[in-house]
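Throughout, a chain's letter reflects where its sequence line sits, starting with A, and its residues are numbered from 1.
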Number of protein chains: 2
Amino acid sequence: MKRLTLEEIGQIAGVSRSTVSRVINDHPNIRPAVRQRVEDVIRQTGYQPNSAARSLASSQSRVFGLVMPSILQSAFADPYYPLVIQAISHACNQHDYTPGLFLFQTPEEEEKVSQRIVASGLIDGLIITADTINSTFVSKIQQYDIPFVQIGRPPASNAAAISYVDVDNEAGAYLAASHLVQLGYRRIGQLATAHNTAGADRDAGFRHALADRGLEVDEALVKVSDFSEAGGYQAMQTLLSRQPEAVFAQSDAIALGAVRAIRDRGLNVPQDIAVVGFDDMPLAANADPPLTTVRQPINRTGMLAVETLIDIVRTTPEPARHIVLPVELVIRASSGAVN
Amino acid sequence: MKRLTLEEIGQIAGVSRSTVSRVINDHPNIRPAVRQRVEDVIRQTGYQPNSAARSLASSQSRVFGLVMPSILQSAFADPYYPLVIQAISHACNQHDYTPGLFLFQTPEEEEKVSQRIVASGLIDGLIITADTINSTFVSKIQQYDIPFVQIGRPPASNAAAISYVDVDNEAGAYLAASHLVQLGYRRIGQLATAHNTAGADRDAGFRHALADRGLEVDEALVKVSDFSEAGGYQAMQTLLSRQPEAVFAQSDAIALGAVRAIRDRGLNVPQDIAVVGFDDMPLAANADPPLTTVRQPINRTGMLAVETLIDIVRTTPEPARHIVLPVELVIRASSGAVN
DNA sequence: CAAGAATTTGAGAGCGCTCCCATATTCTTG
DNA sequence: CAAGAATATGGGAGCGCTCTCAAATTCTTG
């Protein structure tokens, strides 16, 4: 079927191009009868405005870029990212935006593609998932005047100038660690991560919780992992010799790896070692044992990132928006509080 | 920094708009000296052509839509999809296309968004990941003249007319099942899936393998699951009472769930029950025990889907392209062949 | 019911490119 | 080295919208 133009829709409805444009863009000052007539024609013909022409005339594409910088490497080892992508996609669908996907595996790929996307006008704004401490991508993007919001808190040095949506990682870790303390565990370990602000905040929450209850953090019980199940497995293996009574893992994937490591050593969760995770991924509830964890609202994070970006694009970019979402502790069997 | 136009680049380089356009689009018949001069100016200024203007003038957007129909539901329960997305993203980056992401959770969302994407000219073609038997989405898309390729074989009824990239599921399952037979197992079960062609093909391969070696398929040893780890866990639980000696799972996630179910029953893999998966996800190698599985080339699948679509968009859409990629059996500990 | 105010509609210009055709330049070759 | 062929370059038109401004229509109100 041939594609119609505004002009042709106008002809059919007996009005001008301009009037049809007004109807489509919800402008005021159209007689109701005319609006109705035009809307009918649009519906009957299935007309959709040509998006290239729209972008060119309005310099707005209604496309957002969803960026995962190369520094995240094989980002999908952590099931968190697919969920974020899903949430953002859904939010974009609701708001009639199209999410363009930009995953970078190497710095070269990042360099080549990012040049194109920032300068071609293809994209109205960027959603950047990067809470790594050193993000060359973000500092590069700041040089262009393209709006963006970050998912996850940027490093303190430039957090003020950057709009972001984050969850309250510190409060979540505080809840998790407090929970373990309250259950009577004393030798509490942590499977931490490095080079990312979420990890730093969770670490801080963990330490505050212990301190607030008069416990000292035994640095020998803190091991660094990446965000994957395999990383958790390895880190837990090294931690096992220190005989912790409980362990706070900075993600569910890490926690699951830890559980596996504990089992392989012939020990049981939570009888021998209690485990608490972070994220509340779908698989946390189905795990064996079901994982006590900190639930973070991934869907709301994605939705708010999109809505914040829309707001920035449509109104003034200043001042930067900072959103921090609350989290909650979900108590299941792995911490030994229930069975 | 202000965005430059073709005209302005031409001015700086002392040539016309048209010549600059020719340089950018690699047209022949430009004197080397002139081309050089123009390229220098482009490089120095960091000029990028405005993509809206390009699309409008050429009616090509260089955007592909990556679609996961609503029928897949929470598609990301299976880690296969994130990997496919990653592969497609990478392939698009290489070929200077932008992948637009269209994940649909409900039929309403699908309806609303797909109308916009097929008719607005935003998109040059679609990559559809859907090997479900009943895809209303695909039949709807066929009514428009928008090029698309499917990942996974369409149902036989209209496979001839549809371009697709698939892996040789039947051969893979045949390899896996033959492997189990050769190891001496006789009571071989299958954790199958329903309503998708990949599952049907893997089922066929499984049955052929057994038949070719004179074994009958015991239907009581075939259980249906979805593609998730939790689904595999449940299906295996019901299968356990039938005391299989070995089981072929139609995906790695299912296989991992099965391993967990077997363990929970106090049995060991592979000593009591051997397990073979399908996909060779990254976690298969790290699993405990490492999973014998059928490796499918996800990166090549994504790459070929993109390249096939580019070919269809640029040349003639007829005839439909059918690509079936080979798979290989990866033998690890879970099948009992090695330790 | 006329005159001014308010509302509604139409037409022109322009967004930055590509594509085609006309003109200018360079290359052949007798 | 002239004349025709081949090659290289420039300019106009047009892609389908939006936005501004002017004109037409409708609404007020004395």
Is there a Watson-Crick or G-U wobble partner for dT29(D) with both distances under 3.5 Å, and if so, which one is it?
->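 Partner of dT29(D): dA2(C).
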Mate of dT18(D) where both pairing distances stay under 3.5 Å, Watson-Crick or G-U = dA13(C)
When you measure from every atom of DNA chain C, which of residues 18-27 of chain A have a heavy atom less than 4.0 Å away?
-> Ser18(A), Thr19(A), Arg22(A)
Show the numbers, then the answer: is there a side-chain contact (heavy atoms from CB on, under 4.5 Å) between Leu304(A) and Arg321(A)?
-> CA-CA 11 Å; Leu304(A) 281 166; Arg321(A) 278 77 160 167; over 6 Å; no
Show your reasoning for whether side-chain contact (heavy atoms from CB on, under 4.5 Å) applies to Ile151(A) and Ile88(A).
-> CA-CA 11 Å; Ile151(A) 290 191; Ile88(A) 291 175; 3.8 Å; yes
Let me see the working for Tyr144(A) and Gln115(A) under side-chain contact (heavy atoms from CB on, under 4.5 Å), right down to the final yes or no.
-> CA-CA 10 Å; Tyr144(A) 294 80; Gln115(A) 174 63 26; 3.4 Å; yes
Would you check, one step at a time, whether the test side-chain contact (heavy atoms from CB on, under 4.5 Å) holds for Val138(A) with Gln142(A)?
-> CA-CA 6 Å; Val138(A) 170; Gln142(A) 283 185 285; 4.2 Å; yes
Under-3.5 Å N/O pairs linking protein and nucleotides 5-8 of chain D:
from	atom 1	to	atom 2	distance (Å)
dA8(D)	OP2	Asn29(B)	OD1	2.8

Leu56(B) CG to dG14(D) C1', straight-line distance once rounded to whole Å = 9 Å
Nucleotides bounding contact with chain A, strand DNA chain C, heavy-atom threshold 4.0 Å =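 Extent of the interface on DNA chain C: dT8(C) to dG16(C).
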Parallel under 30°, tilted from 30 to 60°, perpendicular over 60°: which one fits the rings of Phe104(B) and Phe137(B)?
-> tilted
Looking only at heavy atoms, which two atoms of Arg37(B) and Gly14(B) are closest? And how far apart?
->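 Closest approach of Arg37(B) to Gly14(B), heavy atoms only: NH1-O, 4.2 Å.
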Residues forming a salt bridge (Lys or Arg N to Asp or Glu O under 4.0 Å) with Arg43(B), sequence neighbours excluded | Asp40(B)
Please identify each residue that fulfils salt bridge (Lys or Arg N to Asp or Glu O under 4.0 Å) with Glu8(B), with sequence neighbours left out.
->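 Here the qualifying residues are Lys2(B).
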Would you find more than 12 non-hydrogen atoms of other residues, nucleotides or ligands less than 6.0 Å from Arg116(A) atom CZ?
-> yes
With sequence neighbours excluded, give me every salt bridge (Lys or Arg N to Asp or Glu O under 4.0 Å) pair touching residues 11-28 of chain A.
->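 Residue pairs with at least one partner in residues 11-28 of chain A: Glu7(A)-Arg17(A).
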Using the closest heavy atom to pick a nucleotide of DNA chain D for each, name whichever of Ala53(B) or Arg17(B) lands nearer the 5' end.
->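 That would be Arg17(B).
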